[in-house]
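This report refers to the structure that appears directly beneath it.
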Amino acid sequence: GDDPKLQFSTKLWVPAKSKRQSWVPIRVPSDAGQKGGRVELSMIQLVETDGVETFENNVLGMPVSKRSLMLSENEINTGLVVDAPELLDRGSSPVKINELTQMINAGRDTVIQSPLGLPPVKLMSNFLPASHRALDELDQVVIMGNHLLTDTTGIISLRKWIRSGGRVWIMLDATSEALVAELLGDDSSYAIVDRVELNDFQFEMSSDAGIQPDRDGGVWSSEIPVEMVRVVTDCEDVVCRINGWPAAFREPVGDGQVLFTTLATLGWMNENGSATKALYQLSRDFFEPKNEHTGFQSSMIPLLDDEIGYQIPSRRLAGLLLGLNALVILAGGIWWGRQRRLERLAILVPASAIVTTVVMLTIGKQHANSVPSTVVSGQVVQVRNATDEADVSTALAVYSQDAGDLGLVTSGGILAMPVENEESSETQRLRIDDDKTSRWIGSNQPPGVVRHLVSDSNVQLSAPIRVRGTFDADGFRG
């Protein structure tokens, strides 16, 4: 963007005579939408040898590469996850991909009428982007193939994206049960019976779908047979059937949804390449903006801020001062009582009370004006029994009386991002290392200011988490 002092980088080791692919997340400026939907990106490549960094020129012999990125806000973005061409049979690979693209475009055209709609994004590399929230800008993902079985990190990212509101279409005729089980765990509720080839059939739409069977428009016929996987499922949301067998059914997963289809791609299109009524119904519900994610960090931040403040003087200190006040009055009474001068207590009692009051006010003021440096954290853990893991949402509130380096370092692939954009004259750089450690370099903590940080992580559970408790007027107790 316009701030050259905000940098994002990844540091990786490249063995001799080898190639490596890597990703790096960047934060898009908040005002990018006001600048024509474009953001300028400058990239440099540094080579470190013996602890010394040097510039590596690009193919044009320049140290800095510049790109202009177009941002999409209102468009519906669809990703296609298919096997890479080199992993498929050479003769069938282009045909399968073309058929899938034709079917997706036919379905999207029934919903997306804007001529500015972006085409589907083909994610055909061996691995999905492993960077922080790399799939967030997608609304739907269509899966046809099994190469994700070798991408453990990609499966975890995709699964978390689904639970955050994404929609996934899994074509069971071309996707194995092993991949579905790895991605969804117990959230997948079907079993394959057999496979058949059909030359003609009629879609039987469910009454909830809003379209009744049509003897003319609902009949599909072709000399070239189309494959169908016959399955049984206890899913309640079956969109359509063929000869009583489910052809499309949906399962909710977290805040998102998974659409399963058992019919090959050609069976969803008419002879002229247009969408059948069944595909129209699926597209109307599928090609929509992803569901709103139930976020927790924004709700936790006000609670964390309430934990930062001055300390109230202890009851013990107040009791000690009041005890000393009473002891002074008692000692004065005894002393002057022996001298028969008790009238002097009229001066001692108010004087002692005034001194005690002044001392207590002074202590209270010192506490009120000295907020200690504090780091407050809060977490919401959502246990996912279907896949034996937990999604952890974390928020931090950091306060310091003195300026200094924030020293923000996270490991295990967890990336902590500041909520507020810090205006600084120093260069700030987020660096992600090969071991998935991320660190903010040059990010300072200003004095007397509360900064907020948020992160999301995923934890595999070796044993189930069981919590017992009750709810009362004060909340959860257990």
Side-chain angles (χ1 to χ4, degrees), residues 1-13 22-32 39-48 51-55 64 69 129-137 153 157 160 295-298 300-301 304-305 307-308 372-380 392-459:
D2 296 332
D3 187 4
K5 295 183 173 59
L6 183 59
Q7 303 175 357
F8 301 87
S9 65
T10 182
K11 183 179 180 181
L12 66 154
W13 175 63
S22 183
W23 297 268
V24 57
I26 61 174
R27 167 177 279 182
V28 178
S30 57
D31 59 348
V39 60
E40 300 299 324
L41 178 67
S42 300
M43 297 175 289
I44 61 174
Q45 181 177 340
L46 301 175
V47 177
E48 181 177 335
V52 179
E53 290 184 345
T54 57
F55 285 100
V64 180
L69 305 181
S131 59
H132 174 69
R133 301 176 67 174
L135 303 176
D136 274 14
E137 295 306 313
T153 303
S157 299
K160 190 169 183 180
F296 297 99
Q297 286 100 337
S298 58
M300 285 191 286
I301 286 177
L304 301 181
D305 290 344
E307 298 297 322
I308 299 177
S373 298
T374 310
V375 177
V376 186
S377 65
Q379 289 185 327
V380 174
V392 183
S393 301
T394 304
L396 296 172
V398 182
Y399 175 85
S400 177
Q401 294 181 344
D402 304 316
D405 185 11
L406 188 59
L408 183 58
V409 180
T410 56
S411 59
I414 302 173
L415 182 60
M417 296 293 291
V419 176
E420 302 89 2
N421 292 327
E422 177 194 359
E423 296 184 0
S424 175
S425 58
E426 302 294 331
T427 299
Q428 301 178 66
R429 179 189 299 179
L430 170 63
R431 192 184 76 190
I432 301 177
D433 296 335
D434 244 354
D435 60 356
K436 296 183 179 181
T437 298
S438 63
R439 66 187 72 240
W440 282 92
I441 302 173
S443 181
N444 296 322
Q445 171 66 33
V449 176
V450 179
R451 293 195 68 187
H452 301 103
L453 310 164
V454 295
S455 68
D456 295 294
S457 58
N458 181 274
V459 179

Taking every non-hydrogen atom, the tightest pair across [X] and [Y]:
{"X": "A416", "Y": "W440", "answer": "O-NE1, 3.1 Å"}
{"X": "M417", "Y": "L430", "answer": "SD-CD2, 4.4 Å"}
{"X": "V392", "Y": "Q379", "answer": "CG1-NE2, 3.7 Å"}
{"X": "N444", "Y": "R451", "answer": "O-NH1, 2.9 Å"}
{"X": "S400", "Y": "Q445", "answer": "CB-CG, 3.8 Å"}
{"X": "S393", "Y": "M300", "answer": "O-CE, 3.6 Å"}

State the [atom1]-[atom2] distance between [X] and [Y], to the nearest 0.5 angstrom.
{"X": "I44", "Y": "S9", "atom1": "CD1", "atom2": "OG", "answer": "8.5 Å"}
{"X": "D405", "Y": "I441", "atom1": "CG", "atom2": "CD1", "answer": "9.5 Å"}
{"X": "I432", "Y": "T437", "atom1": "CD1", "atom2": "OG1", "answer": "10.0 Å"}
{"X": "I414", "Y": "S457", "atom1": "CD1", "atom2": "OG", "answer": "4.0 Å"}

Apply salt bridge (Lys or Arg N to Asp or Glu O under 4.0 Å) to D433 and list each qualifying residue two or more places apart in sequence or on a separate chain.
->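 With neighbours one apart ignored, the set is R431, R439.
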T153 and K436: side-chain contact (heavy atoms from CB on, under 4.5 Å), yes or no, with the steps?
-> CA-CA 12 Å; T153 303; K436 296 183 179 181; 4.0 Å; yes
side-chain contact (heavy atoms from CB on, under 4.5 Å) against V450, all qualifying residues, sequence neighbours excluded |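 In terms of side-chain contact (heavy atoms from CB on, under 4.5 Å), with neighbours along the sequence ignored, V450 is linked to D305, I308, A397, Y399, H452.
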Side chains of P25 and L415: does their closest heavy-atom pair fall under 4.5 Å?
->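 P25 vs L415: side chains touch.
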If we only count heavy atoms from C-beta on, is the Q297 to D456 side-chain gap below 4.5 Å?
->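 The answer is yes; the side chains approach within 4.5 Å.
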Derivation and outcome, side-chain contact (heavy atoms from CB on, under 4.5 Å), residues L304 and L396 | CA-CA 7 Å; L304 301 181; L396 296 172; 5.6 Å; no
